Novice: 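Sharing a structure with you now.
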Amino acid sequence: MLDIKFIRENPGIVKEAIKNKGIALDLNALLKADKELAALRQRGQDMATEKNRLTLEIKAAADKAPLKEKARLLGERQGKINKKLKDTELALAEMMALTPQIPAPNAPIGLTDADNTVLRQVGKKPDFGFEPLDHVDLIQRNNWGEFGKITNVCGTRTFALKGSLLRYEFALLQYALDKLAQKGFTTISVPSLAMEDAFFGSGHFPGDKENMYFLPKDGQYLSGTCEIVLNSLHCGEILTEARLPILYAGFSPCFRREAGSAGRDARGLYRVHQFNKVEQFVICRNDPEESAKWHAFLLAGAEEILAGLELPYRVVECCTGDMGAGKVRMNDIECWRPALQKYGETHSCSTLHDWQARRTNTRYRENLGGKVKFVHTLNNTALATPRIFVALLENHQTRDARVRIPKAIRPFMGDAEFL
RNA sequence: GGAGGGGUGGCAGAGCGGUUGAAUGCGGCGGUCUUGAAAACCGUUUUAGGGCAACCUAACGGGGGUUCGAAUCCCUCCCCCUCCGCCA
């Protein structure tokens, strides 16, 4: 969500962003509703002033009846205006919710990930000297998981991990949490259940509703990332500047319906309905330079984790259409998948400036001058399981279908060298 | 699931139909005093929209209603707390 004043003053810039992000929003209709609303507000306010004046007169008057009747009639007219005002407000709010953040000038322009550009490639792709197995074969050979029966019991895109692979999952999550704690993050586990407002606040609603599991008896949704909850942790608050930045390393199980991706990545652990994720989340001062600094910090955090996992990866600059409505900038990290001979997304680092903060009404008071401003928010994956297993198992496999554990993880795995 | 009690400014906590946008205390900010600090004292301190300004309007968990007038009464939803029941 953008500032209405910014939209009034920069309709051209906003129209450009709407076009480049492929958003279905008629900005002219929005501006028209905004004008209508201003006029209605003025009329409503004038009537309220008059009504307040009458009310005081009634209180003082000896004969209240004629004044009361006058006030009642005014109230009727007021009701009509207020109805119109509410309708217009609602229509405007719906359009405002769709207004996109302005993408950074250096973001590639394009509507699909085909227009993303590769920033850098890191690490050496493994040269096996044999035909590598894919992660599903490795799991089945070692009896590390279950893909067949479990889907009969639990549905599509579900899985079970067994034995050392299950232990590996906990080790990796612990590794990521420890790493972030060392970097100054507050580690925090949050519920996967959340109420609608949180999904609106993060920007996942109204657009991405189809991708959320809904629990109709309770009116709650299952979130696909703990960003949704972390983003609302300070909603409605006015923080002191001294409290910023707030760094959260969040953990939660994540749920995604994967609506619209039927048949895609159907094999294995890459795209599943339920997974676990450690997420980096930053709340900072309203300052683009400050945001840029934390963006680099979050990206570096993910890359340090991948370095510890000894995985080859590349960093991608996402184009306008791929980054999502709220984002200024988005960098995906894609890890190498030897079996498919291609890269697959494992991390996503985003700068949103005050776009989410406006939706959650999260603000802070500046030290100097005491001005109240919206905070900036950023987020990046730290580590998501089981998706990371795709790269981890395939890249570290041996000729005899064993899997090597990266040195950094061995302390969490009883110092074992192999799974 | 059953019974009850609550949600008010940065925080604590009054108000329970009419100058209450809101007492009081704490905290914050400015000042007096002091070599400096503390203490004490004085002043100041919600947010949002409109207006050059004086000022006007709105907001006491969300939404709706009653009334000339609602933080205060009614309805409804959400959240928190206590007790009972059930439960990992």
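Each chain gets a letter, A, B and so on, in the order the sequences are listed, and its residues count up from 1. None of the values given here were measured: they were computed from a predicted structure.
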Novice: So what does A:Ile58 touch, heavy atoms closer than 4.0 Å: a base, only the sugar-phosphate, or nothing?
Specialist: base

Novice: Picking from B:G64, B:G69, B:U57, which would you name as closest to the side chain of A:Thr55?
Specialist: B:G69

Novice: Measure the spacing between NE2 of A:His295 and CD of A:Glu290 and express it to the nearest 0.5 Å.
Specialist: 14.5 Å

Novice: C1' atom, B:C60 versus B:A48: distance in rounded Å?
Specialist: 15 Å

Novice: Watson-Crick or G-U wobble partner for B:A58, using a 3.5 Å limit on both distances?
Specialist: B:U47

Novice: Should the pair A:Glu258-A:Arg264 be classified as a salt bridge under the 4.0 Å nitrogen-to-oxygen rule?
Specialist: no

Novice: Classify every nucleotide of nucleotides 73-81 of chain B by which part a protein heavy atom approaches to under 4.0 Å, writing B for the base, S for the sugar-phosphate alone and - for neither, in 5'-to-3' order.
Specialist: -----SS--

Novice: Can I get a per-line list of side-chain donor-acceptor pairs under 3.5 Å for residues 217-227 of chain A, giving both atom names and the distance, sequence neighbours left out?
Specialist:
from: A:Ser223; atom 1: OG; to: A:Ser192; atom 2: O; distance (Å): 3.3
from: A:Ser223; atom 1: OG; to: A:Thr225; atom 2: O; distance (Å): 3.4
from: A:Thr225; atom 1: OG1; to: A:Glu227; atom 2: N; distance (Å): 3.1
from: A:Thr225; atom 1: OG1; to: A:Lys277; atom 2: NZ; distance (Å): 2.9
from: A:Glu227; atom 1: OE2; to: A:Gln356; atom 2: NE2; distance (Å): 2.8
from: A:Glu227; atom 1: OE2; to: A:Asn379; atom 2: ND2; distance (Å): 3.4

Novice: With a 4.0 Å cut-off, would you call A:Glu304 and A:Lys183 a salt bridge?
Specialist: yes

Novice: Residues two or more places apart in sequence or in another chain: which of them pass salt bridge (charged side-chain N to carboxylate O under 4.0 Å, His left out) with A:Glu241?
Specialist: A:Arg285

Novice: Taking the basic N atoms (NZ, or NE/NH1/NH2) and the acidic carboxylate oxygens, is any pair closer than 4.0 Å for A:Arg267 and A:Asp137?
Specialist: yes

Novice: For the side chain of A:Thr49, starting at C-beta, report the closest nucleotide among B:G18, B:A58, B:C56.
Specialist: B:C56

